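Take a look at this one; I'll ask things after.
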Amino acid sequence: MLDEAPKRFDRIVAILIQLQSKKIVKAQELANRFDCSLRTIYRDIRTLEASGVPIYSEAGVGYALMEGYRLPPVMFTREEINSFIAAEKLMQKFTDPSLGTNYASAMYKLKSVLRSTDKDYLANIESRVVMNTAEPMFNHNSPNTLAVLFEGIAEKKQILLSYKTFSKEETTQRNIEPVGVFHDNNNWYFLGYCHLRQDYRQFRTDRILGIQKTESDFTIEHEALETYLDKTENCPTTKVRILVEKKIARYLVSERKYHGFVAEKEVGDKIEMTFMCRNMEDGFPRWFLMFGDYATILEPQSLKTRILELLEINRQRLI
């Protein structure tokens, strides 16, 4: 019982902070976060109400704080301060300049409530953490890409996009209804409904030459981003099996997931990898060529044929 009391107190305070962070918070959401039962959450909410916190609830919707109620400034733990440092460094390198500047401003506000000793603690660490990116994630002509996308998504406003396609190397102007933003394979992307193509399309942020929010409202009620990404995952696939030397196989772990990796097993001094691949024309074949001298294609024959075609194109260019 003595051990349970501090844990419950911490949980109740955390619930109060979470209530202040969102307009509506569901009981199940709180139960999932704190790994406890709904009955425990109901009891904690009643404790907050009994202490004078103005909470209103609606059956089937969730809990919310009365408008105007604010929790006084809170202190942060050392572990939370460490997370601030990591987040700040990530924001500096992996977001566009506009969003990075806004986050830096927010960080100044967070740092202002720290104790003097914690400010020294943070200063000693943050100057010794460096993060680097392999390639630029945003075009220098569009420094506010993510900020505009977030505004468009939140306000359900179309954006005007100047976009450079990869295959044709041409620039097009498009009106897009942005659905969501995601990071994959070391690049930022967003998915949206393109009025030029009359369909949903993915766009890579480093190919965006210009972006601005318009006053035009969405014309379609879009589903959640995950719905469209799941549809992409369910595209037709081809089974691929390759044998890779062990000394090379360990270097493929971080990249293979982007090519449909599903399983591996040891076969003598080699590793047999199985993939369910969606891009047999360019993606997988070109990736395979990076380590092909240490690997053997077991199936399908069409992959072997495509590899030979790419090698012949390369040979012709070397003559």
Side-chain angles (χ1 to χ4, degrees), residues 94 134-135 137 149 163-169 172 174 176-194 196-208 220 222-314:
F94 291 89
E135 298 291 340
M137 295 185 178
L149 286 172
Y163 191 72
K164 187 175 184 179
T165 59
F166 177 73
S167 56
K168 297 181 181 180
E169 285 292 312
T172 58
R174 309 170 184 229
I176 309 291
E177 298 181 17
V179 174
V181 180
F182 61 100
H183 188 273
D184 191 23
N185 198 16
N186 296 320
N187 288 293
W188 280 101
Y189 299 84
F190 85 91
L191 184 141
Y193 182 80
C194 177
L196 177 66
R197 306 302 184 197
Q198 295 291 296
D199 198 3
Y200 290 93
R201 291 287 190 270
Q202 287 185 17
F203 302 90
R204 225 172 84 171
T205 57
D206 60 334
R207 296 181 190 145
I208 295 175
I220 300 172
H222 305 289
E223 298 180 65
L225 174 63
E226 291 81 1
T227 304
Y228 301 99
L229 297 182
D230 288 343
K231 289 178 182 178
T232 302
E233 292 292 328
N234 293 328
C235 290
T237 58
T238 301
K239 183 178 180 180
V240 173
R241 289 192 305 124
I242 61 175
L243 271 179
V244 185
E245 294 184 18
K246 284 184 178 179
K247 65 180 181 180
I248 296 299
R250 66 176 181 268
Y251 296 111
L252 306 180
V253 173
S254 62
E255 292 292 326
R256 66 188 186 184
K257 62 183 178 182
Y258 300 113
H259 299 279
F261 172 80
V262 293
E264 70 175 8
K265 64 179 180 181
E266 289 192 20
V267 180
D269 61 345
K270 295 180 174 61
I271 300 293
E272 180 183 320
M273 296 184 185
T274 301
F275 300 80
M276 297 304 295
C277 182
R278 290 188 296 273
N279 188 348
M280 293 295 292
E281 183 64 21
D282 289 303
F284 194 96
R286 295 182 187 280
W287 179 63
F288 180 85
L289 285 173
M290 296 173 62
F291 56 89
D293 50 334
Y294 296 96
T296 302
I297 299 172
L298 301 178
E299 64 170 311
Q301 180 60 42
S302 60
L303 177 59
K304 299 179 181 179
T305 301
R306 179 55 178 159
I307 293 292
L308 289 173
E309 290 175 354
L310 292 174
L311 288 173
E312 177 59 24
I313 292 172
N314 193 50

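Quick caveat, the model's predicted, so the values are computed rather than measured.
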More than 12 heavy atoms from other groups under 6.0 Å of NZ on Lys246 = yes

query = Quick one: CH2 on Trp287 to CZ on Arg256, what's the gap to the nearest 0.5 Å?
reply =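 One gets 8.0 Å once the value is rounded to the nearest 0.5 Å.
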
query = Is the number of heavy atoms from other residues, nucleotides or ligands under 6.0 Å of Tyr251 OH greater than 12?
reply =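 Atom OH in Tyr251 is not packed in, count stays at 12 or less.
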
query = How far apart are the closest heavy atoms of Glu223 and Tyr228, and which atoms are they?
reply = N-OH, 3.0 Å

query = Are side-chain heavy atoms of Leu311 and Leu289 found at a separation under 4.5 Å?
reply =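 Yes, close enough: below the 4.5 Å cut-off.
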
message = As an exercise, state the distance from CG of Leu298 to CE of Met273, rounded to the nearest 0.5 Å.
response =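 The CG atom of Leu298 sits 12.0 Å away from the CE atom of Met273.
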
key: Aromatic ring proximity, centroids under 6.0 angstrom, Phe288 and His259   =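 No.
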
query = So how far is it from Lys265 NZ to Thr274 OG1, rounded to the nearest 0.5 Å?
reply =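 So the NZ of Lys265 and the OG1 of Thr274 are separated by 7.0 Å.
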
key: Contact check, side chains of Glu264 and Glu272, non-hydrogen atoms, under 4.5 Å   = no

Minimum-distance pair of heavy atoms, taken over all atoms of Val181 and Leu225 =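 Closest approach of Val181 to Leu225: O-CD2, 3.7 Å.
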
key: Chi angles and distances behind the side chain to side chain contact (heavy atoms under 4.5 Å, CB included) call for Arg201, Leu191   = CA-CA 6 Å; Arg201 291 287 190 270; Leu191 184 141; over 6 Å; no

ask   = Just how far is it from atom CZ of Phe284 to atom CD1 of Ile297, taken to the nearest 0.5 Å?
value = 7.5 Å

ask   = What do you reckon, is NZ of Lys247 surrounded by more than 12 foreign heavy atoms closer than 6.0 Å?
value = no

task = Kindly assign one of parallel, tilted or perpendicular to the pair Tyr193 and Tyr200, based on the angle between their ring planes and the thresholds 30° and 60°.
result = perpendicular

note = The reported gap from NZ in Lys164 to CZ in Arg207 (rounded to nearest 0.5 angstrom) is 10.0 Å

Euclidean distance, Glu299 CD relative to Lys304 NZ, rounded to 0.5 Å = 9.5 Å

request  = Mind listing the closest non-hydrogen atom pair of Glu177 and Ile220 along with its distance?
outcome  = OE1-N, 3.5 Å

key: Taking every non-hydrogen atom, the tightest pair across Val244 and Ala295   =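 Smallest interatomic distance, heavy atoms only, reads CG2-CB, 4.0 Å.
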
Pairwise side-chain contact, Phe275 with Leu303, heavy-atom cut-off 4.5 Å (strictly under) = no

query = When you look at OH of Tyr294, are more than 12 heavy atoms from neighbouring residues, nucleotides or ligands closer to it than 6.0 Å?
reply = no

Side-chain donor or acceptor of Arg306 paired with backbone N/O of Glu281 under 3.5 Å =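 Yes; at least one donor-acceptor contact below 3.5 Å.
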
task = Can you see which heavy atom on Phe203 is nearest to which on Ile176, and at what distance?
result = CZ-CD1, 3.6 Å

query = Which atom pair, heavy atoms only, marks the closest approach of Val240 to Pro300?
reply =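 Closest approach of Val240 to Pro300, heavy atoms only: CG2-CD, 3.9 Å.
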
Pair Asp206 + Arg204, salt bridge at N-O below 4.0 Å =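 Salt bridge: yes.
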
